[in-house]
Amino acid sequence: MSGRRPDGGRPRPERRGAAAPDDGASPGGQVEGRRAVRELLVAGRRRVRTLWLATGGDALDELAALADITGAEVRWVAPARVAELARTDSPQGVVAFADPLQFGDIDALLADPEAFLVGVDGVTDPQNLGAVMRTAELAGATGMVVPRHRSARLTPTVAKAAAGALEYLPVVSVAGIPAVLDRAARAGVWTVGLDGTGDTSLFDLNVADRALMLVLGAEGRGISRLARERCDVLAAIPMFGSLTSLNVSAAAAVACFEVARRRRG
């Protein structure tokens with residue numbers, strides 16, 4: 001179906017049986033926001049079934065053209081209809097329905113001699129989880145480890161905040177981070193917990209250029225006691241101001257790019 005606007009920019013009549021918003025059972029199946037949807041279409045790793053675009057926004061023409069190339073159905077509708085479908089506060093005039101995200105295999109990721117995994121422990125805020133995913137992908141991480149409990153789910157809010165990282169960064173869903181740390185030890189992967197009480201400075205992390213899993217906890221609580229006890233190294237970001245901690249997404253940016261710098265230095 002063509003992604004060109006209907007004559008006069010009028011909303012196209014909807015057909016019965018239109019896709020319903022993702023209810024969370026199919027992780028990553030509903031994607032919102034221009035950047036996230038653009039990467040979904042460009043990466044081409046998942047089939048995009050339907051792309052809903054709000055009339056009146058010329059910036060959406062590129063997305064319609066990309067959808068035409070991939071074979072996705074494009075529906076130009078009134079902005080209010082897009083808002084009804086959306087599960088984020090600001091979908092930026094676009095909602096896409098795609099095949100669900102396929103989770104990766106933790107053992108395969110741990111077996112990679114160049115492994116650079118980022119795990120989250122207790123990060124329940126979807127904006128923070130998405131931002132950490134975006135940072136991890138940009139820093140060259142080879143995988144993201146997300147527990148099924150005490151963690152935000154892969155909702156449209158997470159996908160939007162990740163800004164397309166979900167299309168490139170392998171994501172593994174696990175029962176819990178502590179068990180993964182045990183498996184990492186057996187696989188010869190160093191585990192580093194980012195913790196304010198750590199006795200090693202992040203900037204003195206000598207294992208950063210080895211197969212590694214970096215674990216981040218929620219602001220305030222930090223990583224769990226079990227995860228802390230099972231990490232090979234507890235590293236802290238030096239603080240020079242009056243405040244004592246960083247938001248987890250900011251801490252992830254500092255830590256991930258420090259690891260990336262050392263691996264490529």
For S151 and R148, indicate whether the former's side chain and the latter's backbone hold a donor-acceptor pair under 3.5 Å. no
Heavy-atom pair of closest approach, residues A59 and R34: CB-NH1, 3.4 Å
Are V120 and L226 in one and the same hydrophobic cluster, where Ile, Leu, Val, Met, Phe, Trp and Tyr link if side-chain heavy atoms are under 4.5 Å apart? no
Which atoms form the tightest heavy-atom contact between G217 and V248, and what is the distance? O-CG2, 3.2 Å
Heavy-atom side-chain contact between P126 and T155 under 4.5 Å: yes
For a 4.5 angstrom cut-off between non-hydrogen side-chain atoms, does M239 reach L246? yes
Counting C-beta onward and ignoring hydrogens, is there a side-chain heavy-atom pair between L53 and V82 closer than 4.5 Å? no
Which heavy-atom pair separates A98 from R46 by the least distance, and what is that distance? CB-NH1, 4.3 Å
When rounded to the nearest 0.5 Å, the distance separating CG of D99 from CZ of R47 is 4.5 Å
Determine, for R35 against E39, whether the closest basic-nitrogen to carboxylate-oxygen distance falls under 4.0 angstrom. no
Rounded distance [0.5 Å steps], CD in E73 versus CG in D68: 11.0 Å
Tell me, do T157 and R87 make a side-chain contact under 4.5 Å, heavy atoms counted? no
Can you check whether P170 reaches T142 side chain to side chain, under 4.5 Å on heavy atoms? no
Same cluster for I69 and V74 if Ile/Leu/Val/Met/Phe/Trp/Tyr side chains link at under 4.5 Å? no
Taking all heavy atoms of L41 and all of L66, pick out the closest pair and write down the distance. CD1-CB, 3.9 Å
Is a donor on one side and an acceptor on the other found under 3.5 Å between the side chain of T191 and the backbone of D232? yes
Distance-minimising heavy-atom pair for M144 and A136: SD-CB, 4.2 Å
Once you round to the nearest 0.5 Å, how far does CG of L51 lie from CZ of F97? 10.0 Å
Give a yes or no answer on whether the side chain of T88 reaches the backbone of P156 with a donor-acceptor pair at less than 3.5 Å. no
For R221, all residues meeting side-chain hydrogen bond (donor to acceptor under 3.5 Å, both in side chains), sequence neighbours excluded: none
Just do the side-chain contact (heavy atoms from CB on, under 4.5 Å) check on L138 and Y168 with the steps written out, would you? CA-CA 10 Å; L138 286 168; Y168 304 101; over 6 Å; no
Would you mind listing every salt bridge (Lys or Arg N to Asp or Glu O under 4.0 Å) that reaches into residues 250-260, with sequence neighbours excluded? E258-R261, E258-R262
Hydrophobic side-chain clustering at under 4.5 Å (ILVMFWY, transitive links): who's grouped with I177? Put none if nobody. I106, L109, L110, L117, V145, V172, V174, V180, L181, V189, M213, V215, I223, L234
Are V146 and F103 side-chain neighbours, meaning at least one heavy-atom pair lies under 4.5 Å? no
Drop me the distance from W52's CH2 to E32's CD, to the nearest 0.5 angstrom. 13.0 Å
May I have the step-by-step check of side-chain contact (heavy atoms from CB on, under 4.5 Å) for T135 and F257, ending in yes or no? CA-CA 8 Å; T135 291; F257 279 97; 4.0 Å; yes
Applying side-chain hydrogen bond (donor to acceptor under 3.5 Å, both in side chains), name anything that partners Q102, two or more places apart in sequence or on another chain. none
Distance from R263 atom CZ to R210 atom CZ, nearest 0.5 Å? 11.5 Å
Determine all donor-acceptor pairs shorter than 3.5 Å in which one atom belongs to a side chain in residues 197-209; sequence neighbours excluded.
from : atom 1 : to   : atom 2 : distance (Å)
T197 : OG1    : D195 : OD1    : 2.3
S201 : OG     : F203 : N      : 3.1

Rounded to the nearest 0.5 Å, how far does SG of C256 lie from CZ of R134? 14.0 Å
Applying salt bridge (Lys or Arg N to Asp or Glu O under 4.0 Å), which residue pairs with at least one partner in residues 103-121 are found, sequence neighbours left out? D107-R183, D121-R150
Heavy-atom side-chain contact between V192 and C231 under 4.5 Å: no
Begin from the C-alpha positions of K160 and Q92 and carry the test side-chain contact (heavy atoms from CB on, under 4.5 Å) through to its verdict. CA-CA 10 Å; K160 184 172 182 288; Q92 299 176 315; 4.2 Å; yes
Look only at the side chain of R153 and the backbone of T124, and say whether a donor-acceptor pair between them is shorter than 3.5 Å. no
A96 versus V48, closest heavy-atom pair with distance: CB-CG1, 4.3 Å
